[in-house]
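Numbers for residues simply follow the sequence, beginning at 1. Nothing here was measured: the structure is a model prediction, and the numbers come from that model.
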Amino acid sequence: MAAATNRLYHRGLVLLCLFLGRLWETGANQIRYSVPEETEKGSIVGNISKDLGLELRELAERGVRIVSRGRMQLFALNARSGSLVTAGRIDREELCAQSARCLVNFKVLIEDRVQLYGIEIEVTDINDNNPKFQVENLEVKVNEISAPGTRYPLPEAVDPDVGLNSLQNYQLSSNHHFSLDVQTGDDGTMNPELVLERALDREEEAAHHLVLIASDGGKPPRSGTVHIQVTVLDTNDNAPVFAQPIYRVKVPENVPPGTLLLTVSASDPDEGTNGEVAYKFWKISEKQSPLFQLNEDTGEISTAKSLDYEECAFYEMEIQAEDGGGLKGRAKVCISVEDVNDNRPEVIITSLFSPVREDTPRGTVIVLFNAHDRDSGKNGQVVCSIEEILPFQLEKSVEDYYRLLTVQNLDREKTSEYNITVTATDKGMPPLSTEIHITLHVVDINDNPPSFSQTSYSVYLPENNLRGTSIFSVTAHDPDSNENARVIYSLEEDTIQGAPLSSYVSINSDTGVLYALRSFDYEQFRDVQMQVRASDSGDPPLSSNVSLSLFVLDQNDNVPEILYPALPTDGSTGVELAPRSAQPGYLVTKVVAVDRDSGQNAWLSYRLLKASEPGLFAVGLHTGEVRTARALLDRDALKQSLVVAVQDHGQPPLSATVTLTVAVADSIPDVLADLGSLEVPAHTEASDLTLYLVVAVAAVSCIFLAFVIVLLALRLRRWHMSRLLQASGSGLVGVPASQFVGVDGVRAFLQTYSHEVSLTADSRKSHVIFPQPNYADTLISQESCEKSEPLCISDDSRFPIEDTPLVPQAPPNTDWRFSQAQRPGTSGSQNGDETGTWPNNQFDTEMLQAMILASASEAADGSSTLGGGAGTMGLSARYGPQFTLQHVPDYRQNVYIPGSNATLTNAAGKRDGKTPASGNGNKKKSGKKEKK
């Protein structure tokens, strides 16, 4: 007994597992998504590739696509992202009307598996419709003897949205005689009624104007209004009454327009105009209104257009009867549309695997199609069949999908083409049927490769082409037929300057048209070599290659680049010096520019675009040399601003400009006097960044000063101990005393660590420079003193007088120009005027004075040159080491320093990589001026 019970128990468990597995398999093929209505085209609904368990590349390889029943396609597959996206505008109200849930169902087919997946998408509602009344203006007639509490029905608003987005409440404008009462019906509809609160007096006020507002519950809420005019009438004490509250009628969908459906009737016992009844639609949707018409006098309801059961099977509306006295009665009309077999079955081929190889095995799916009927019941049941005796058979797949399979081996030598007729018949009375004809080709194997008409191709393309431009078209011919003759074009993998060829050029795999994926630059490369492959679709595929040369043609797309004078990064302009004694033709400076283009596009010309003193300077048309056009006069301003334009000869020509600032003076004192007279504008506001920089510099300086004081204390202590040991003379006779640095040496040491701080009040950028020290140690040996080092002193040296120079005056350094950060201006942080205005603050003036003094000192000495290194024209020391002119001719023989006999040559020390020994002295002097 127990064994039998166990067997029954185990059998039940097995059946339960099988049942649950079946449910799991059924649910696994159903994928559900949700998307709000009115979503833009291309919006992502869901990741279909992930939900199907496929990689992105497998979507195309496996032939994944959407199949539907011929209705407008609402969704599409994005093969690039593997997402299901919207194919157009989706209106929930058009799809599902007032249904609580709006579901869209379709199938996704994986062709290589011939497997279908059901997709269910719920379209959620958004508040995109306003509540709307049937009329904008309404007249309500009220008898003046109506007692307070009398109710008058008002029109209902219609909102096609659902849920909270549908109609939620009514509001009535404030007045003394009427109020609003909303009645909720059994079906949830809200019926507004106008309630008389106070008795009316027609002689006092014959009409009242009210506004009824209908609002939904969306965010933000939407509303609609109707203007109500209440007309006060004389006595009318009986309202029209319909014979029945609800009228029902059934009508087949194929009735012609104008067919009488039913007649509503309402009676009014009053006499005269108060007993005359007029009918009209009271509550009807916008979609239903064009389909029906109502006779206002007789109450006859007839069709205005053809009805369609498949579009809507049930219509509901309300009819209002109103007498001449303004009293109303209402009745509901329900129209049911009955289905008739008026739709033929529709057959949609989902997949057609044609042509087919003759070695196709038995059971191969040739065609997958869908057969359905829009009718309902038996009228919508479809049966498919093939009449001919063919080596195929039909097999029903899921729901209303059918598969056509091979049941015999195909032989191309016997039959190379099959014409298959599929008949789909419904079960209606009389039955309707549809036939489709399928042509199936049997093809041979692939034995011929594609061939090009030429052995090589040459293509010429102007540079700066638009991305996506069609470059060329290649064509290959394959003598095979069908799939074996379908040629697919591709490019052989290659690299151009480290980048793959596919990032530069692409080819349409079907047409062989080459497209440029980026804009080509003649200056980057002038030709591209590539191999085009043409492959057919046979199995195995055959292919052939052809070489294609793409030559890029130059265009004028590069603006001339000005090499000298280089534009400073701080926005200031360079300053050139010209003596007032300069004669006409005096070479002030030279503008050097290059153009990356070639040929006519790189031929440059120079011209003077703007000058603060017209006629004073001239620019060489092809040389760019800036020379004086006349003798300088005393009335000429100290600062001259020139704007030089450089233009090429391309079509259209391109140009660039540079602003030069020339300081004109006979002597350095004159320049300093003019500089001293410049007024420094007061800046009362300083940025927080400047304050932070000042505090930081002060803190660093204090730390450094403390370090130096400690170092000096240690050195003095050692020196004092050595003095004591020397004085004692115990065993130390003949030992030379240590050499120490005195106060003047300490000052020189500190001077080497001078800080250059430039702070501006009108800029949030500040520049702080900490120059490196010129000496590695404070203590210097006696041997160094013998080499004339200025910091070495003897044992018996005393503290110098305060006005006595700390070290002897050293000859000027060959590298006397300032670096980029030390040019006139606030250490590169003050934004200079593009027109070359003179420095207008104390820092700029002092920096320029220091530069001119250093220049004049070296010019008077005659030992300085303008050379900053081989091939740099002396410009790298002034504009930074990155500036070289190895490809530009040397123009130094045309430049000289006013007031000296020095010429622009490379210094021997610079050329040999040596620095003159006297350079440190000059650096200390310039550093002292900068510290000032």
Side-chain angles (χ1 to χ4, degrees), residues 689-732 734-759 766-810 813 819 821-822 827 843 846 850 915 917-932:
L689 181 58
T690 302
L691 178 60
Y692 297 154
L693 288 175
V694 171
V695 174
V697 171
V700 172
S701 300
C702 292
I703 295 172
F704 179 77
L705 183 59
F707 169 78
V708 172
I709 293 174
V710 172
L711 182 63
L712 286 178
L714 294 175
R715 295 295 185 183
L716 289 175
R717 183 176 180 277
R718 289 185 182 181
W719 176 78
H720 181 65
M721 294 299 295
S722 64
R723 280 293 192 181
L724 293 178
L725 293 174
Q726 184 178 6
S728 62
S730 57
L732 299 178
V735 179
S738 300
Q739 306 299 322
F740 297 95
V741 178
V743 176
D744 50 348
V746 175
R747 290 181 180 176
F749 175 80
L750 292 177
Q751 195 170 10
T752 61
Y753 284 90
S754 60
H755 308 293
E756 177 179 345
V757 182
S758 296
L759 306 175
S766 298
H767 189 56
V768 182
I769 300 178
F770 297 93
Q772 296 296 328
N774 293 331
Y775 303 97
D777 297 314
T778 303
L779 296 178
I780 304 175
S781 64
Q782 184 66 28
E783 288 77 10
S784 301
C785 294
E786 294 175 359
K787 296 179 181 180
S788 301
E789 287 295 330
L791 291 178
C792 295
I793 59 176
S794 61
D795 291 335
D796 55 353
S797 61
R798 297 295 182 264
F799 285 59
I801 303 175
E802 183 177 357
D803 296 335
T804 305
L806 182 62
V807 294
Q809 178 66 35
N813 184 16
S819 66
Q822 293 172 325
S827 299
F843 294 109
E846 291 178 357
T915 303
S918 59
N920 289 337
N922 191 28
K923 288 182 179 179
K924 289 188 293 180
K925 181 175 67 177
S926 61
K928 185 176 182 180
K929 293 179 180 292
E930 292 172 1
K931 187 173 182 182
K932 174 184 176 182

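Rounded to the nearest 0.5 Å, atoms CG (L716) and CG (L711) are 9.5 Å apart.
Shown are L705, I703, V697; of these, the side chain to side chain contact (heavy atoms under 4.5 Å, CB included) with S701 is made only by V697. Only one option out of R715, R717, M721, R723 pairs with W719 in a side chain to side chain contact (heavy atoms under 4.5 Å, CB included); it is R723.
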